Amino acid sequence: MSFREKSAWVTLITLIVLSLAFALHLPRPWTLHPEPSGFMFHVLLIAIGTFIAIEVIAHIAIAVWSPRDANSPKDEREILIELKSTRVAAFVYAFLSLGSVSFGLHIASANAIGIAYLILISFVAAEIINYAMRVFYYRRGS
Amino acid sequence: MGNTNIENRIRRLRFDHDEMTQQALAERVGVTRQTINAIELGKYSPSLEVAFRIARVFGVPLEEVFSYPESARQPSES
């Protein structure tokens, strides 16, 4: 497994785990009319900080494991995989973000915080799709 | 991309050149070992430049490394 494939796995697993952990801290029942919450803002900051910390530590670890691979530039296949997966993620993000905002405003009458959560979910879902597609293309060959 | 119609004799050529490893070939061509592996298995079609570099490593013409069989499926016209 190349460094960049391992990197994709690390980011994918981290995104999924932290997204689930963040979702578990959301007040129940889940609603698109949440009250402003300093607690949730802090949870979000902790989730972002934890994501960054895990990414840095994990990437240092896998780079130490294969330093030559980590320091080599991306080859054409890796660039192609990144472009293809990012293209898919862009479509997902565009569809989810516009769709969820439209849904929130016109159907669910969501408040501003609810809209913000929908956009955040759209972004995270698109990134999960992005790295899942990278893993898929790496496993398939391209 | 996935599986490609292009066939190659890279593994054979590596064996004939002092059992060159995929890693050694990758370093000389300027790609990763995984890319060489994907090319050998027909899972990835290299760019023209990489194909020429591979042929140059082995000192043979491009056609001796890669071939496009007559039986290959043609892309459907739409």
Side-chain angles (χ1 to χ4, degrees), chain A residues 1-15 55-56 58-93 126-142, chain B residues 1-15 17 19-58 62-63 65-69 71-76 78:
Chain A
M1 204 183 284
S2 67
F3 169 79
R4 288 187 176 83
E5 185 179 354
K6 290 176 198 166
S7 170
W9 275 109
V10 164
T11 304
L12 176 64
I13 293 170
T14 307
L15 276 171
E55 285 284 293
V56 169
H59 280 85
I60 289 174
I62 59 179
V64 167
W65 192 261
S66 51
R68 187 166 55 180
D69 205 8
N71 291 320
S72 60
K74 294 177 200 171
D75 70 5
E76 59 178 40
R77 179 175 147 264
E78 290 171 333
I79 292 172
L80 181 64
I81 287 173
E82 194 172 305
L83 285 172
K84 286 165 68 173
S85 59
T86 303
R87 177 172 167 263
V88 172
F91 279 123
V92 169
Y93 181 58
E127 284 299 290
I128 289 174
I129 296 288
N130 185 1
Y131 287 95
M133 292 304 296
R134 288 191 197 195
V135 167
F136 170 74
Y137 286 130
Y138 275 119
R139 291 284 92 200
R140 194 177 71 158
S142 70
Chain B
M1 284 201 172
N3 290 331
T4 172
N5 289 325
I6 298 174
E7 296 176 349
N8 69 82
R9 286 174 280 282
I10 296 175
R11 185 179 290 272
R12 182 74 218 176
L13 286 164
R14 283 197 296 113
F15 182 79
H17 283 71
E19 298 181 9
M20 185 188 295
T21 62
Q22 288 182 338
Q23 181 64 44
L25 177 60
E27 288 174 7
R28 293 182 65 177
V29 171
V31 296
T32 63
R33 186 198 65 78
Q34 288 79 10
T35 296
I36 294 295
N37 187 53
I39 294 171
E40 284 187 10
L41 295 177
K43 292 182 177 181
Y44 173 69
S45 291
S47 67
L48 203 55
E49 182 174 353
V50 168
F52 271 113
R53 283 194 205 154
I54 292 172
R56 182 165 293 182
V57 167
F58 295 125
L62 191 63
E63 293 78 12
V65 184
F66 297 97
S67 60
Y68 193 76
S71 58
R73 286 177 289 113
Q74 296 294 325
S76 57
S78 59

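Protein chains get the first letters and strands the later ones, always in sequence-line order, with residue 1 at the start of each. If you're wondering where the values come from, they're calculated on a predicted model, not measured in any experiment. These numbers come from the heavy atoms of this one structure, side chains and all, not from hydrogens, waters or symmetry mates.
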Euclidean distance, B:Glu27 CD relative to A:Ser72 OG, rounded to 0.5 Å: 9.5 Å

Please report the interatomic distance CD(B:Gln34) to CD(A:Glu78), rounded to the nearest 0.5 Å. 7.5 Å

Return the minimal non-hydrogen interatomic distance between B:Ala38 and A:Gly141, and the atom names on each side. CB-O, 3.8 Å

Heavy-atom cut-off 4.5 Å, strictly under: side chain, backbone, both or neither for A:Arg68 against chain B? side chain

About how many Å separate CZ of A:Arg139 and NZ of B:Lys43, when rounded to the nearest 0.5 Å? 8.0 Å

Hey, mind stepping through A:Arg77 and B:Thr32 against side chain to side chain contact (heavy atoms under 4.5 Å, CB included) and telling me if it holds? CA-CA 9 Å; A:Arg77 179 175 147 264; B:Thr32 63; 4.1 Å; yes

The reported gap from OH in B:Tyr44 to CZ in A:Arg140 (rounded to nearest 0.5 angstrom) is 12.5 Å

Side-chain (A:Glu76) to main-chain (B:Pro46) donor-acceptor, under 3.5 angstrom: no

Greater than 12 external heavy atoms within 6.0 Å of B:Phe52's CZ: no

Atom OG1 in B:Thr35, atom CD1 in A:Ile81: separation rounded to 0.5 Å? 7.5 Å

